[in-house]
Amino acid sequence: MSQHGRRTPANKVRQRAVIAGTVVAALGVGVGLWATDGDGGTGGPAARASGEAAAPSPSRSYPLSEAPRTIPAVREHTPARGPGWQPGKDHRVVVADASLADEGRLIAGELGLTYAGEKDDERAGDLLLDVKEDKGADPESYTMTVRDGRVTVTGPAEAGVYYGTRTLKQAVDGGGTAPEGEVKDEPAKERRGFMLDIARKHYDADWIKDRIRELGDLKFNELGLHFSDDQAFRIESDSHPEVVSGDHLTKAEVKEIVDLAASRHITVVPEIDSPGHLGAVIAAHPDLQLRNAQGTPTRGAIDISDPEAAEIVDDLLDEYADLFPGSQFHLGADEYQALVVSDPEASYPDLAAAARKAYGSGGTVADLTTGWLNDRAKTVMAHDRTPRAWNDGFFKDTSVEPLKEIKVAYWTGKEIGARQPVEYLRAGREVINYNDEFLYYVLGEPQTFVYPTGERIYEQWTPRVIRGTTPVDAEYDDQILGGSFAVWGDIPSAQTQAQVADGIRLPLAATVQKLWDPDKPELSWTDFKALANRLD
């Protein structure tokens, strides 16, 4: 079981502040009035108790600090008395290990500090980054300590240290101060994603890079790219250049995207959807299009009884596994049109015959389609990728079961034969939440879709709300790996790239807040929105 599931109550920050304040009161008012400042000034109760005259002191008194205001909110803060920390042009970023050079240089550039690399000395104003191994700890957890005019960010892995620098960056944004004390923070969910349909709407590489920077600052760790669909195929291909559309990303651009994402500890998750949504591939290979009993072509569907269909898709999966080195691969598997008719076996006799040949006399088209999914999963698993597929690619009452390694990307309950999320969870499957009721930004708002709002996500959604508006039982929380906000290009001209960026800004902030900490947030929506606008 991943440690990502550990949770700290949302009121822990407030509780610790109250406890610390009670201790101060119990020790006497003088402790608060004569707090030691950065240069160690004295002259408070200790001096008076020794019989010395109480000389005027340059010391300042400080109230107990409050937790930094960040998105997502930090989960635990122990307050202290002191001036806090602000970046200064003579301040340094020091790293305890060269592996943190990228994180160090990034935050140094953002805050106008000097990147000093590995140093043994300590100076006023230093920001120290350090990896401290902690067996069993969440690798994305971190501790940020502000004390004696310096800041230390530690974590059990580089990702946690990076997230600590994001907290610091937000805390000092706009001339703010990182508060004295200690932040201990970690995410509730290990998959915090944003998915972009670049197949139906082309987005230029610079726009995608801007989103990566935005996602990184918000502590997202996945960017999904759905780049193959009926309308277009949007990434350069060496194995099958004939399927690539005119407007597309070059491999050089994709490498820049992947490298930038990696520097922000974001995994880019490619998606080649099959055996449906393959219209762009079929346009170059019309002989592979599925046809029904009357010979009518089926839109977007490839004939999975033809071995050449599997060869082409596997060629592409193999090729892009090399281009996208992350640990995940999305296989699609939704809306295969052979399975939306009332009698697939009668409508598609060639598929039915292939199913019986592969799985015996009782073999069905659903069995054959599940076998297709499993074979594609094996292709990407050979590259050490974890496969995922849309929930309507998992069929009920089939003799062939989807491989247990395939994660369920649950997006809707509107499909034919829809099953509740709990059916997948009871079967022991792990689920990633793409709930189309809250997390689907569909350009042009076709069918029943409306653009999601940050306020609705913030106030009504949690990772346990997988379908509709009702959460699944808390006993399944550990099987819910996280969630993903998704932009789909159904009517690509409905919004410009700039309008999409503006429209998703607050929903993304709300989504990551609930993935980082599903509990009711401390801030009202009005205050959260104001914070998001300030940090923008």
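Hydrogens, waters and symmetry mates play no part in the numbers below; they use all other heavy atoms, side chains included.
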Is the shortest distance from a Lys or Arg side-chain nitrogen in [X] or [Y] to a carboxylate oxygen in the other one below 4.0 Å?
X      : Y      : result
Lys378 : Glu405 : no
Glu236 : Lys251 : no
Arg200 : Asp490 : yes
Lys189 : Asp478 : no
Lys529 : Glu455 : no
Asp519 : Arg75  : no

So how far is it from Ser274 OG to Ile304 CD1, rounded to the nearest 0.5 Å?
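Rounded to the nearest 0.5 Å, the OG-CD1 separation comes to 9.0 Å.
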To the closest 0.5 Å, what do you measure between CD (Gln495) and OH (Tyr451)?
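OH of Tyr451 is found 4.0 Å from CD of Gln495.
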Between the side chains of [X] and [Y], is a donor N or O closer than 3.5 angstrom to an acceptor N or O?
X      : Y      : answer
Asp102 : Ser263 : no
Arg505 : Asn533 : yes
Arg385 : Gln328 : no
Thr167 : Lys219 : yes
His265 : Glu103 : yes
Gln513 : Tyr458 : no
Asn292 : Ser347 : no

Would you say that more than 12 heavy atoms from the other residues, nucleotides or ligands in this model lie under 6.0 Å from the [atom1] of [X], or not?
X      : atom1 : value
Arg299 : CZ    : no
Lys255 : NZ    : no
Gln460 : CD    : yes

Is the gap between the ring centers of Tyr440 and Tyr434 under 6.0 Å?
no
Hey, do the aromatic rings of Phe329 and Phe324 have their centres closer than 6.0 Å?
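Ring centroids of Phe329 and Phe324 are no less than 6.0 Å from each other.
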Can you say whether the rings of His226 and Trp488 are parallel (under 30°), tilted (30 to 60°) or perpendicular (over 60°)?
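Ring orientation, 0 to 90° scale: perpendicular.
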